[in-house]
Each structure stands twice: as C-alpha cells, then as structure tokens.
Amino acid sequence: MKINLSLLSMADAKALFEFETENKEFFEEFVPPRPDSYFIYAKFIHILEMLLEEQKDKKSLFFLIKGENGGIIGRINLIDIDWPTKTAEVGYRVGKNHIGKGSAVQALEMLKSEAILLGIERINAKTTVDNIPSQKVLERCSFQKDTVEMDEFIHYTVAL
C-alpha cells in the first residue's frame with residue numbers, strides 16, 4: 001500500500017474526528033484511553049487548535065498517514081521536540097482496518113527521513129509491554145530497546 005504523510009491542519013478536523021471515533025475501542029486495546037472529552041466534537045476542535053498552536057511553535061509536528069485515496073489510515077507525531085539536543089519523541093497509531101499491511105513501518109521510515117531534514121538526530125519511543133505489534137514496528141525501523149519499566153512501558157531509541 002502506498003501512503004503519504006500530511007502535516008495536520010484544521011481542514012482535517014472532521015475526518016480525523018471520525019477516524020479517532022471509529023478506532024477508539026481498537027486503540028484502547030493497546031494504549032491508555034484518551035479522555036472522554038476527546039470524543040465530543042466541540043472539545044476535540046479545541047484540542048486540535050491547541051495541537052496546531054504547538055505545531056506552529058515547532059514544539060511538535062503532527063502528521064496524518066493517508067492512503068492512496070487520501071483517507072486517513074493513521075497518525076504519526078514527533079512530539080516534545082528538543083531543538084538544543086536535537087531529540088524528539090515519536091508516537092503513532094494505525095486504524096484497525098489498516099494494520100498488518102506495512103503502513104506503520106512505511107510511515108515511521110518516512111518520519112525518520114523528515115526528522116533528518118529538520119536536523120533531529122535522535123528519536124525516542126515507548127510502547128506498552130503488551131503491544132507486540134508496535135514493538136515489532138519499532139524494531140523493524142532500527143529502534144533499540146533502551147529501558148523497560150516494570151509491567152508498563154518499553155522505551156526505545158534510534159540515532160539518525
């Protein structure tokens with residue numbers, strides 16, 4: 001499947017809200033749940049506005065993973081960008097109907113390339129200990145296990 005990354009914009013609000021709502025239960029099988037307010041459209045818009053402000057300030061960059069038809073199939077973000085140390089955290093999620101097709105690996109490799117162009121030299125990640133699919137994605141993209149929190153998260157890092 002051919003994908004592309006698209007920088008988050010307010011124009012994506014409705015489609016992103018639908019994507020998040022449709023995949024809520026699926027995502028909660030692997031990651032801690034978002035607050036209930038996230039699934040009330042007016043509050044979602046407010047959250048989106050705050051994210052876009054953070055993106056404008058280059059503190060984080062939020063990308064949508066889009067399929068060939070332009071529909072949202074996932075999200076991938078560089079957050080907590082620390083420009084002096086040239087590090088950032090990555091987070092991603094792919095919708096239930098698109099897992100197992102290589103989209104997350106493709107998106108993460110594309111994000112790593114984007115990070116290099118921005119001057120970021122190291123990306124950190126974490127996943128829950130029971131989220132085996134996410135662990136496999138990170139390892140396929142050359143992330144190395146860094147630390148494991150007791151029964152909670154596995155931390156990874158990759159030098160670019």
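Residues take their numbers from the sequence shown, with the count starting at 1. Small disclaimer: the values here were computed from a predicted structure and weren't measured. Just so it is clear, the values below take in all heavy atoms, side chains as well, and ignore hydrogens, waters and symmetry mates.
Within 6.0 Å of NZ on K101 lie more than 12 heavy atoms contributed by other residues, nucleotides or ligands. Crowding of E29 atom CD: a count of heavy atoms from other residues, nucleotides or ligands under 6.0 Å exceeding 12. Atom CG of D36 has 12 or fewer heavy atoms from other residues, nucleotides or ligands within 6.0 Å.
To the nearest 0.5 Å, atoms CZ (F27) and NZ (K96) are separated by 11.0 Å. Taking NE2 from H155 and CD from E152, the interatomic distance works out to 8.0 Å, rounded to the nearest 0.5 Å. Atom CG of D12 is separated from atom CZ of F62 by 13.5 Å, given to the nearest 0.5 angstrom. With rounding to the nearest 0.5 Å, the separation of OG in S142 from CG in L108 is 9.5 Å. Atoms CD and CG, from E22 and N97 in turn, are 8.0 Å apart once rounded to the nearest 0.5 Å. From L5, atom CG reaches atom CD of Q106 across 9.5 Å, with rounding to the nearest 0.5 Å.
Of the N and O atoms on the side chains of Q135 and T127, not one donor lies less than 3.5 Å from an acceptor on the other residue. Side chains of N124 and T157: a donor on one and an acceptor on the other come within 3.5 Å.
L78 approaches A88 most closely through the heavy-atom pair CD2-CB, 3.9 Å. When all heavy atoms of A115 and L160 are compared, the pair lying nearest together is CB-CD1, 3.7 Å. Nearest heavy atom pair, residue I3 against residue S103, reads CD1-O, 3.6 Å. Taking both residues in full, the closest heavy atoms of F143 and A125 are given as CE2-CB, 4.0 Å, listed atom of the first, atom of the second, then distance. When every heavy atom of F19 is checked against every heavy atom of G74, the shortest pair comes out as CZ-CA, 3.6 Å.
Ion pairing of E28 with R34 is absent here, as no side-chain N (NZ or NE/NH1/NH2) approaches a carboxylate O to less than 4.0 Å. With respect to K59 and D82, no salt bridge is recorded, no charged nitrogen being found less than 4.0 Å from a carboxylate O. A salt bridge links K112 with E109: the distance from a Lys NZ or Arg NE/NH1/NH2 to an Asp or Glu carboxylate oxygen falls below 4.0 Å. Between R93 and E20 there is a salt bridge, with a side-chain nitrogen of the basic residue lying less than 4.0 Å from a carboxylate oxygen of the acidic one. Under a 4.0 Å N-O distance rule, the pair E18/K14 qualifies as a salt bridge.
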**OP:** Apply side-chain contact (heavy atoms from CB on, under 4.5 Å) to the pair F39 and K24, showing each step before the final yes or no.
**Re:** CA-CA 9 Å; F39 299 97; K24 179 182 186 298; 3.5 Å; yes
Subject >> Derivation and outcome, side-chain contact (heavy atoms from CB on, under 4.5 Å), residues I73 and K66 >> reply: CA-CA 5 Å; I73 64 169; K66 294 186 177 181; 6.0 Å; no
Original post:
Do F17 and Y38 pass the ring-ring contact (aromatic ring centres under 6.0 Å, His included) test, and can you show the C-alpha distance, the side-chain angles, and the key distance before you say yes or no?
Top reply: CA-CA 9 Å; F17 183 77; Y38 190 85; 7.8 Å; no
Subject >> side-chain contact (heavy atoms from CB on, under 4.5 Å) between V90 and N77, intermediate numbers included >> reply: CA-CA 6 Å; V90 67; N77 309 312; over 6 Å; no
Subject >> Check against salt bridge (Lys or Arg N to Asp or Glu O under 4.0 Å), K136 and E139 >> reply: CA-CA 5 Å; K136 288 180 180 178; E139 290 166 8; over 6 Å; no
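Both L16 and M10 are members of a single hydrophobic cluster when ILVMFWY side chains are connected at heavy-atom separations under 4.5 Å. A continuous path of Ile, Leu, Val, Met, Phe, Trp and Tyr side chains, each step under 4.5 Å between heavy atoms, connects I47 with F63, placing both in one hydrophobic cluster. The hydrophobic clustering, which links ILVMFWY residues whose side-chain heavy atoms are closer than 4.5 Å, places M110 and I116 together.
Residues V158 and Q144 are not in side-chain contact: their nearest non-hydrogen atoms beyond the backbone lie 4.5 Å or more apart. Residues L8 and L48 are in side-chain contact: their nearest non-hydrogen atoms beyond the backbone lie under 4.5 Å apart. The closest side-chain heavy-atom distance from S60 to E54 is below 4.5 Å. Counting heavy atoms from C-beta outward, L138 and Y92 have side chains that approach closer than 4.5 Å. For the pair Y156 and D146, the minimum side-chain heavy-atom distance is 4.5 Å or more. Proximity of E114 to I120: side-chain heavy atoms (C-beta onward) are nowhere separated by under 4.5 Å.
Using bins of under 30°, 30° to 60° and over 60° for the plane-to-plane angle, the ring pair F44/Y41 lands in the parallel bin.
Checked against S134 for a side-chain contact (heavy atoms from CB on, under 4.5 Å), the options D130, N131, I132 give a single hit: N131. A side-chain contact (heavy atoms from CB on, under 4.5 Å) with I76 is found for one member of I65, V94, L64, L61 and no other, namely I65.
Of the possible donor and acceptor atoms, none in the side chain of T87 sits under 3.5 Å from a partner among the backbone N and O of I123. Judged by distance alone, with hydrogens and angles left aside, the side-chain atoms of E89 form no donor-acceptor pair with the main-chain N or O of D80 at under 3.5 Å.
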